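A quick note: this is a predicted structure, and the numbers were derived from the prediction, not measured. We name chains A, B, ... by the order of the sequence lines, and we start the count at 1 in each one.
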Amino acid sequence: MKLGVLVSDYKICVETIDRMKSDNLGLVLVQNGVYHAVLKEGGKESSLLGKTPRLYVLSEDLQSRGLSAEQVDKRVKVIDYSGLVDVIFNDFDKVAWL
Amino acid sequence: MKLGVLVSDYKICVETIDRMKSDNLGLVLVQNGVYHAVLKEGGKESSLLGKTPRLYVLSEDLQSRGLSAEQVDKRVKVIDYSGLVDVIFNDFDKVAWL
Amino acid sequence: MADVKCAFIVQRPQYKGETSRLALTHALSYQTVEVLLDDGDTVTPSLCFVGEGVLGISKGQNAMAPYGINSSELHVKNCLLVDLDVYVCKEDLEKYGIPEDQLPDAADMEAEKTINVVPFAEIEKIMEEAKHVLFF
Amino acid sequence: MADVKCAFIVQRPQYKGETSRLALTHALSYQTVEVLLDDGDTVTPSLCFVGEGVLGISKGQNAMAPYGINSSELHVKNCLLVDLDVYVCKEDLEKYGIPEDQLPDAADMEAEKTINVVPFAEIEKIMEEAKHVLFF
Amino acid sequence: MGVLTMGVFPGLVGSGSYDFAMKLAKAAADKGHVVNIWFSGNATVSVKAHQKHLKDYSTGEKYLVELLEKGVEICTCEACTISRGVQKTESIAKIQWNAMHWYLSKIHCADRVLQIGGE
Amino acid sequence: MGVLTMGVFPGLVGSGSYDFAMKLAKAAADKGHVVNIWFSGNATVSVKAHQKHLKDYSTGEKYLVELLEKGVEICTCEACTISRGVQKTESIAKIQWNAMHWYLSKIHCADRVLQIGGE
């Protein structure tokens with residue numbers, strides 16, 4: 001199974017994701033979850049970026065927060081809503097929202 | 001100033017309270033904040049219990065969660081809504097909800 | 001004719017918000033979904049409490065007296081009564097120091113099912129085997 | 001005739017929920033409260049961003065194009081324009097690695113006020129001096 | 001006796017925090033305090049009349065009518081309310097409709113302010 | 001083409017998560033996927049007709065009408081909705097009213113389910 005988790009928050013989702021197996025996990029950073037792709041809290045990148053190579057971030061949610069694609073960590077693929085639909089149907093077997 | 005903080009959650013309020021000066025602080029544990037008076041997470045009591053001697057917990061919110069006054073840490077005074085009104089007006093100069 | 005398995009993962013504590021409570025009532029509705037499905041089709045939720053979600057499902061609750069609402073304990077018991085599989089994460093109970101005997105059963109309602117206290121790994125397995133995963 | 005000082009403490013990030021945004025619009029309404037008060041009475045909010053509340057107030061926002069709503073940046077600028085005192089916690093900006101020059105000003109709207117980046121201790125002092133403290 | 005002004009904000013309807021606000025307001029009014037309640041964000045939908053009280057949901061009307069009878073002043077943010085499709089004609093009687101400065105004015109006269117943020 | 005069933009739960013009206021749900025539903029429908037939306041908890045108030053669209057609030061009606069026109073099926077939890085005082089006669093046209101098992105039935109036929117929990 002490939003599970004795509006939509007990460008919608010900066011702080012409260014991390015603990016749940018940390019304990020999940022990463023084998024078939026993908027993360028889609030949306031809403032305030034986009035900060036995981038950008039911020040270096042205490043100088044360190046988000047632990048989520050090392051969890052899986054399947055990382056996406058939603059461009060519309062960067063844009064509304066005044067963040068640009070250049071600020072996004074290189075491992076994270078920037079997608080828009082249309083791209084997100086394809087990711088949901090093609091890249092994962094099931095999806096969940098955290 | 002004496003500030004009474006109503007703590008309404010178990011997890012997300014702690015960071016904010018930890019950084020506040022404790023001199024004139026009081027804590028009223030309500031809603032899921034009541035777990036601070038009862039749980040020993042990882043065998044340890046909540047850090048909030050050592051923050052101030054002015055500690056209260058709302059009996060109605062214990063009751064709805066199946067918790068009894070006997071389970072409450074001895075430093076925490078059990079009050080009901082009527083008692084809470086008196087605490088708000090008499091024990092503090094201002095109150096805040098977290 | 002197909003059964004669709006769903007993992008309902010409750011990760012928020014009961015009572016403060018409404019989401020975790022709605023997990024229970026939505027799971028209960030599996031009993032009547034057949035009216036909207038073809039013959040033989042079914043949906044089977046497994047209800048799993050993890051993280052802070054293990055808070056607020058203990059026995060001895062009385063939410064009716066102070067707040068005029070049904071307790072989450074009652075909903076958990078109803079889930080057992082209608083033969084839902086209910087799982088509670090063992091590590092999280094231990095983490096919060098909640099003894100297993102504080103969890104409700106529905107023996108008084110003559111339910112055959114009881115709560116399964118299981119390691120997190122088993123809940124992950126339920127998520128893997130489910131067609132859909134829903135976090136509450 | 002009295003002024004009532006309030007500390008508006010924004011500790012949730014902008015955008016996902018509505019509470020942090022409502023802090024800004026409620027603060028702005030201090031301009032018109034005199035219609036409901038006796039002559040000379042005023043209410044003066046100080047708007048303080050702490051913790052995760054420092055997220056979502058950067059400049060360069062465009063929430064209108066994707067979502068059809070005014071940005072929080074615009075509201076911060078409006079607050080400066082109507083002479084509200086706006087404070088952002090220095091330690092929290094540093095913690096999240098947000099440079100001070102990423103914060104908006106309202107020079108283009110000819111506002112005289114600018115955002116004050118201050119240590120948390122100063123925000124605690126504002127809370128102490130205020131008659132009321134409101135967390136958003 | 002004192003004046004307690006409460007702000008009740010998003011996400012609270014149906015939640016324990018909303019019930020908390022109602023119970024605290026009642027307890028304070030019963031003790032003779034003056035109580036003011038301001039609704040903003042999603043909490044404004046609780047001013048809609050004809051709510052059905054089901055035992056699985058905590059709802060507002062029953063509490064609000066009781067508080068109004070006790071002399072508690074209750075006001076909803078007009079912009080928040082109409083943006084959710086609830087019109088003034090559909091409101092529980094005696095609930096006030098006003099702009100955000102109503103809340104600030106009731107903060108001005110308050111001895112204690114309890115801002116319940118929600119979410 | 002696939003079937004996407006979304007559950008939209010408490011606390012979302014006025015929040016970015018509600019807007020997210022609407023935008024994703026539209027993007028999926030535009031690509032030819034079948035989309036079903038279930039409202040529960042506070043999100044049910046968004047089925048009320050005559051919402052005023054203000055630039056400071058993200059509201060639902062505009063999106064919902066557009067989605068319905070695209071053939072998206074939308075259903076609100078009847079119990080949640082009437083407990084908030086919103087009657088069927090006040091609903092946006094073509095939105096279905098049903099019990100929670102509607103959501104499960106749309107989960108049964110779905111290729112993907114996205115349950116947006118809220119709060």
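Both the backbone and the side chain of F:Lys23 come within contact range of chain A, with heavy atoms under 4.5 Å apart. A:Ser8 does not touch chain F: none of its heavy atoms, backbone or side chain, sits under 4.5 Å away. Proximity to chain F involves both the backbone and the side chain of A:Val95, based on heavy atoms less than 4.5 angstrom apart. For A:Leu98, no part lies under 4.5 angstrom from a heavy atom of chain F. Only the side chain of A:Leu58 comes within contact range of chain F, with heavy atoms under 4.5 Å apart. Of the two parts of F:Val3, only the backbone, made up of N, CA, C and O, holds a non-hydrogen atom closer than 4.5 Å to a non-hydrogen atom of chain A. Of the two parts of F:Ser15, neither the backbone nor the side chain holds a non-hydrogen atom closer than 4.5 Å to a non-hydrogen atom of chain A.
Comment: A:Lys21 does not engage A:Asp23 in a salt bridge, judged by the lack of any side-chain N to carboxylate O separation of less than 4.0 angstrom. With respect to the salt-bridge test (charged N to carboxylate O, under 4.0 angstrom), the residues F:Asp30 and F:Lys70 qualify.
Inter-residue side-chain proximity for F:Thr76 and F:Ser91 is flagged as unmet; no heavy-atom pair is nearer than 4.5 Å. Taking the side chain as every heavy atom from C-beta outward, A:Ile79 and A:Val87 approach each other to under 4.5 Å.
Other residues, nucleotides and ligands contribute only 12 or fewer heavy atoms inside 6.0 Å of the NZ atom of F:Lys52.
The six-membered or imidazole ring of A:Trp97 lies near that of F:Phe20, with a centre-to-centre distance under 6.0 Å.
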